[in-house]
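Just follow the structure's listing: the first ligand is 1, and inside any ligand the first atom is 1. Just so it is clear, the model here is predicted, and its values are computed rather than measured.
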Amino acid sequence: MKFYSDEDAELSLLEGKTVGFVGYGNQGRSQALNLRDSGVSVIVGNPCDSYADQAKQDGMEVVTIAEAVRRSDIIPILIPDELQPDVYAKEIAPNLRPGQALDFAHGYNIHFGLIRPPAEVDVILVAPRMIGVQVRRSFELGGGVPAFVGVWQDATKTAWDTALAFAKGIGATRAGVIPSTFQEETELDLFSEQALWPERGYSPEAVVMELYGSGEGAEVFREMVHTGFFRQMKFHSQTSQYGMLTSFGKLSSDDLKQNFQAALDRIRSGTFAREFLAEQRQGYPVFRRLREQAIQHPLNDAEDRLRPVLESTFKAGGHGGAASAS
Ligand code: NDP
């Protein structure tokens with residue numbers, strides 16, 4: 001399998017183009033700052049609240065989502081997965097024009113058919129294998145984090161090159177881009193979060209990257225040390241949190257294999273996506289209960305007691321300062 005690095009990607013393809021970020025959270029902020037530092041013209045579409053304030057503080061031009069879509073050539077959709085279909089239908093789809101590119105950091109909504117873009121736009125995937133704060137941190141240090149890149153729909157016949165250029169702009173080609181698909185990224189992402197052992201039918205490179213090669217696991221462990229085992233969950237998408245919390249209690253050493261299989265079946269059959277949709281519609285009763293339980297878990301108190309020790313462990317590891325929550 002070919003991996004793509006800086007010399008395979010042409011940043012100049014983004015010259016004269018505008019990238020309109022829908023969302024300025026974990027991924028949105030980091031990717032927007034990196035792209036801007038790469039010389040790309042960036043605007044942010046976000047309702048007026050703390051995320052918009054953060055974007056303004058960062059010197060970003062903040063407009064409505066509708067205006068960002070109208071003014072942009074590439075539109076990264078970086079709001080929580082479960083909100084994307086509604087925001088897409090109301091604010092993005094009515095403002096699309098042929099030749100634009102919709103970019104996702106997770107294949108979920110496209111793969112499960114919850115968003116169905118028109119045939120005239122490109123649909124690309126640039127999915128960093130890392131929590132958002134690290135996408136920015138590593139870029140500032142001159143590095144990058146690896147990403148899965150894929151194309152769902154190639155209306156312009158340049159979708160792949162656009163995706164690679166975008167990946168270069170956020171620093172992903174510094175670390176390495178792995179060609180993938182919306183299906184592979186979605187299933188691997190959910191499965192590794194929910195069962196930690198994806199292997200069946202996926203490319204070995206993608207599995208290695210997903211399991212440990214990207215270093216995301218190490219970063220997550222660092223955040224566990226620094227922020228807390230459960231409390232670091234805020235750096236992950238809600239889809240990821242819900243998947244982890246609902247699979248967590250089901251794992252035991254005796255029937256690990258069976259449980260992994262069940263977790264994979266739940267993802268592949270679309271049951272997880274349907275269940276999560278029903279959960280959203282009911283106002284997240286299960287999610288709220290499990291999250292509350294996690295936050296009440298005695299582990300949190302133990303971490304508080306151990307805080308000075310954990311902090312010194314973190315510093316000794318040379319991991320720098322704390323990640324700020326988005
Ligand atoms: P966040 O939860 O950090 O997104 C927050 C952003 O979404 C804010 O700009 C917020 O603005 C906006 N938002 C929230 N509600 C709405 C709404 N109803 N309408 C419009 N905007 C809204 O998202 P993530 O960065 O965690 O996830 C974004 C994408 O990246 C997802 O597809 C996720 O799967 C993917 N991803 C995430 C990773 C991570 O590190 N978390 C890792 C890899 C992929 P406001 O509150 O002002 O509305």
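Listed by number with element, the atoms of ligand 1 under 4.0 Å from a non-hydrogen atom of I131 are 40 (O). Every atom of ligand 1 with a heavy atom of Q84 under 4.0 Å away is listed here by number and element: 31 (C), 32 (O). The contact set between ligand 1 and V87, taken as ligand atoms under 4.0 Å from a residue heavy atom, comprises 19 (N), 20 (C). Heavy-atom proximity to M130, at under 4.0 Å, picks out these atoms of ligand 1: 40 (O), 42 (C). Interface atoms of ligand 1 facing G23, defined by a heavy-atom separation under 4.0 Å, are 9 (O).
A salt bridge is absent between D8 and K168: the closest approach of a Lys/Arg side-chain nitrogen to an acidic carboxylate oxygen does not fall below 4.0 angstrom. The pair E219-R222 meets the salt-bridge criterion, since a charged nitrogen lies less than 4.0 angstrom from a carboxylate oxygen. Of the charged side-chain nitrogens involved, none lies within less than 4.0 Å of a carboxylate oxygen, so that R281 and E275 do not count as a salt-bridged pair. E292 and R288 are not joined by a salt bridge, as no carboxylate oxygen comes within less than 4.0 angstrom of a charged side-chain nitrogen. Salt bridge absent: D122 and K157 never bring a charged side-chain N and a carboxylate O closer than 4.0 Å.
Less than 6.0 angstrom separates the ring centroid of F276 from the ring centroid of Y242. For H106 and F104, the ring centers are positioned 6.0 Å apart or more.
The shortest N/O to N/O separation between T239 and ligand 1 does not fall below 3.5 Å. The N/O atoms of N26, backbone and side chain alike, include one that comes under 3.5 Å of an N/O atom in ligand 1. Between G132 and ligand 1, an N or O atom pair is found at a separation short of 3.5 Å. Residue-to-ligand polar distances place F235 within reach of ligand 1: an N/O pair is separated by less than 3.5 Å. In terms of N/O distances under 3.5 Å, ligand 1 is not approached by H106.
Between Q238 and ligand 1 there is no heavy-atom distance shorter than 4.0 Å. Not a single heavy atom of R29 sits closer than 4.0 Å to an atom of ligand 1. Between P47 and ligand 1 there is a heavy-atom distance shorter than 4.0 Å. Using a 4.0 angstrom heavy-atom cutoff, N109 does not count as in contact with ligand 1.
Considering only non-hydrogen atoms, atom 23 (O) of ligand 1 lies nearest to P80 out of A105, P128, P80. When the heavy atoms of D86, I79, D189, V220 are ranked by distance to atom 27 (O) of ligand 1, first place goes to I79. Among D53, L83, I65, the residue whose heavy atom lies nearest to atom 20 (C) of ligand 1 is I65.
Side-chain atoms of Q183 and T181 form no donor-acceptor pair, as typed in the model, at a separation below 3.5 Å. A donor and an acceptor atom, one from each side chain of Q261 and D265, are located under 3.5 Å apart.
At a threshold of 4.5 Å between non-hydrogen side-chain atoms, the residues Y88 and L114 do not count as touching.
With a 4.0 Å heavy-atom cut-off, ligand 1 is reached by the backbone of H236 but not by any atom from C-beta on.
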Given R36 and E61, is the salt bridge (charged side-chain N to carboxylate O under 4.0 Å, His left out) satisfied, shown in steps? CA-CA 12 Å; R36 188 177 67 181; E61 183 185 357; over 6 Å; no
